[in-house]
Number of protein chains: 2
Amino acid sequence: MQSRRRVRGGKALFSAGDAFTSLYAVDGGFFKTHVLDADGREHVTGFHMGGELLGLEGIGSGQYNVTAIALEDSLVGVVPYPLIEQRSREIPDLQHELHVALSRQIARGQEVLMVLGSMRAEERLAAFLLNLSSRFGQRGYSRSELPLRMTRRELGSYLGLTLETVSRLFSRFRGQGVVEVRHKHVRLLDVARLKAIVNAASG
Amino acid sequence: MQSRRRVRGGKALFSAGDAFTSLYAVDGGFFKTHVLDADGREHVTGFHMGGELLGLEGIGSGQYNVTAIALEDSLVGVVPYPLIEQRSREIPDLQHELHVALSRQIARGQEVLMVLGSMRAEERLAAFLLNLSSRFGQRGYSRSELPLRMTRRELGSYLGLTLETVSRLFSRFRGQGVVEVRHKHVRLLDVARLKAIVNAASG
DNA sequence: CGGTTTCTTGATTGGGATCAATAGGAGTGG
DNA sequence: CCACTCCTATTGATCCCAATCAAGAAACCG
């Protein structure tokens, strides 16, 4: 039902403004999505790994409204949207799966919204690390060995922080024995402590 | 195809954790949606008026994961979800409309995410007022006379600010001749200026 | 290698949170 | 109607977290 497409690290899978044609199922690799604001500055809206769907927000406007960039060589399944609509009329299970995927994306957005709206810098990074750990775990990878594919700047953009703040937080966590950080590889040493940091989101 | 339900101001249409059964189309009135964090503190995730769908994020998890509260006496259309799935298999236009609604909700979330992740307090409130104005306008109401149904605290919670900051910003805008503020009624006096404030989102 | 991007760390600034006090409405019951 | 209370809003004073400005160090890449 679907063809495949390779995307080299650093290359775009689709760009904001492109006509919406297909959904993409990430098979392997790692993507970021971003938008450009009025001043041409980049704002990262999400990071995406195997098992996740890209392009869902294009249905409503007829064009992609984020740009998806592969952060390493990646593989995606290409599913033409008209085909999905047709098949999901014939196969109720598929229809429901699509609705679930769309709905979960909405719920995920609301979670990020809470992180940005109510957490302090330290809490945001801790929440991000736990979220990434959980997603790696769900896909059968280690929950504690996290290869970061994004730069400090990209991570900061996603979390509403500057790259310097992200760097300082990694150093602080390292000093507290919570994580080990080498370049772009992070090892979680004290998950309970990270959870405590997130839950300390009280004023 | 759908029944109707009245909701008195202050009452919940549905609560986080309730079993997901139906989508709700706001016919008249005004709603807020919120979640409670680990400490039981409320975080507003959105404000909703006529023409908007509530409950979409419940499809994925089988239960509503926000609480919807009417901020004034309101009227909604109740659409049982199984009925929607069935009908949308028979009526491609309805199917597409549902996908568009879901997709737009995702896109809206991404916009809010950008507001919270990259704008300063003043820019956030200006963006909110312009957004509210546009939504009132689309529904045939005045674009400049905005009856706020939410408290300063609720608005602050939505924008990631404290109620004091929201209050101060209203005072500042009033001092600049940008708006007129009386209690919970706002009149936009200088829309161009508001747009300039939002676009000044450069560092 | 040299050049470029990325990361770390330090010094300083500033915007919004917090703490605090007062005023303004709205609702209730006398 | 007024007195009382509760909730909401305004405004001021102070503090603190993260942004900004700045300088090296480390890693990546031709």
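Each chain gets a letter, A, B and so on, in the order the sequences are listed, and its residues count up from 1.
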Practice item. Sequence neighbours left out, what pairs pass side chain to side chain donor-acceptor pair (under 3.5 Å) with at least one residue falling in residues 18-31 of chain B? Key: R4(B)-D27(B)
Exercise for review: Considering just the side-chain nitrogens and oxygens of R153(A), establish if one lies under 4.0 Å of OP1 or OP2 belonging to dT6(C).
Suggested key: no
Point to revise | Atom pair distance, as rounded to whole Å: CZ in R149(A) and C1' in dC28(D) | key: 15 Å
**Study point:** Between P of dT8(D) and CG of L155(B), the distance in whole Å
**Key:** 14 Å
Point to revise | Contact residues, residues 163-176 of chain B to DNA chain C [heavy atom, < 4.0 Å] | key: E164(B), T165(B), R168(B)
Study note, to complete from the structure: Testing dG15(C), dT8(C), dG25(C) for proximity to the side chain of R120(B), the answer is dG15(C)
Exercise for review: Go through the steps for R104(A) and E111(A) under the test salt bridge (Lys or Arg N to Asp or Glu O under 4.0 Å), then give the verdict.
Suggested key: CA-CA 11 Å; R104(A) 289 220 173 115; E111(A) 282 166 33; over 6 Å; no
Check your understanding: When you look at OH of Y141(B), are more than 12 heavy atoms from neighbouring residues, nucleotides or ligands closer to it than 6.0 Å?
Key -> no
Point to revise | Between dG16(C) (P) and L159(B) (CG): distance, integer Å | key: 12 Å
**Study point:** N/O (side chain, H183(B)) to phosphate O (OP1/OP2, dG25(C)) under 4.0 Å
**Key:** yes
**Study point:** Value in whole Å for how far the P atom of dG16(C) lies from CG of L116(B)
**Key:** 13 Å
Review point. Considering only dT8(D), dC7(C), dA19(D), which nucleotide approaches the side chain of K184(B) most closely?
Key: dT8(D)
Point to revise | Any side-chain donor near an acceptor of the partner, Q138(A) and R135(A), under 3.5 Å | key: no
Point to revise | Rounded distance in Å - CE (M150(B)) to C1' (dC7(D)) | key: 17 Å
Review point. CZ of R182(A) versus P of dC7(C): gap in Å, rounded?
Key: 15 Å
Review point. For Y81(B) and E85(B), does a side-chain donor sit closer than 3.5 Å to a side-chain acceptor?
Key: yes
Review point. Whole-Å distance between dG15(C) P and L125(B) CG?
Key: 17 Å
Point to revise | R182(B) vs E180(B), salt bridge (Lys or Arg N to Asp or Glu O under 4.0 Å): CA-CA, chis, key distance, verdict | key: CA-CA 7 Å; R182(B) 282 196 325 275; E180(B) 227 178 81; 3.6 Å; yes
Point to revise | Among dA19(D), dA9(D), dA27(D), the one nearest T162(A) by side-chain distance | key: dA19(D)
Practice item. Give the angle between the helix axes at the two ends of the helix from dC1(C)-dG30(D) to dG30(C)-dC1(D), taking five base pairs at each end and rounding to 10°. Key: 50°
Exercise for review: Applying side-chain contact (heavy atoms from CB on, under 4.5 Å), run through T33(A) and T67(A) and close with a yes or a no.
Suggested key: CA-CA 5 Å; T33(A) 50; T67(A) 297; over 6 Å; no
Exercise for review: Let me see the working for K32(B) and E42(B) under salt bridge (Lys or Arg N to Asp or Glu O under 4.0 Å), right down to the final yes or no.
Suggested key: CA-CA 11 Å; K32(B) 72 168 176 181; E42(B) 176 182 319; 2.7 Å; yes
Review point. Under 4.0 angstrom, heavy atoms only, what part of the nucleic acid is G160(A) near: base, sugar-phosphate, or nothing?
Key: sugar-phosphate
Check your understanding: Can Y158(A) and F47(A) be said to form a ring-ring contact (aromatic ring centres under 6.0 Å, His included), step by step?
Key -> CA-CA 9 Å; Y158(A) 177 62; F47(A) 297 108; 5.2 Å; yes
Review point. Rounded to whole angstrom units, what separation is found between the CD atom of E123(A) and the C1' atom of dA18(D)?
Key: 13 Å
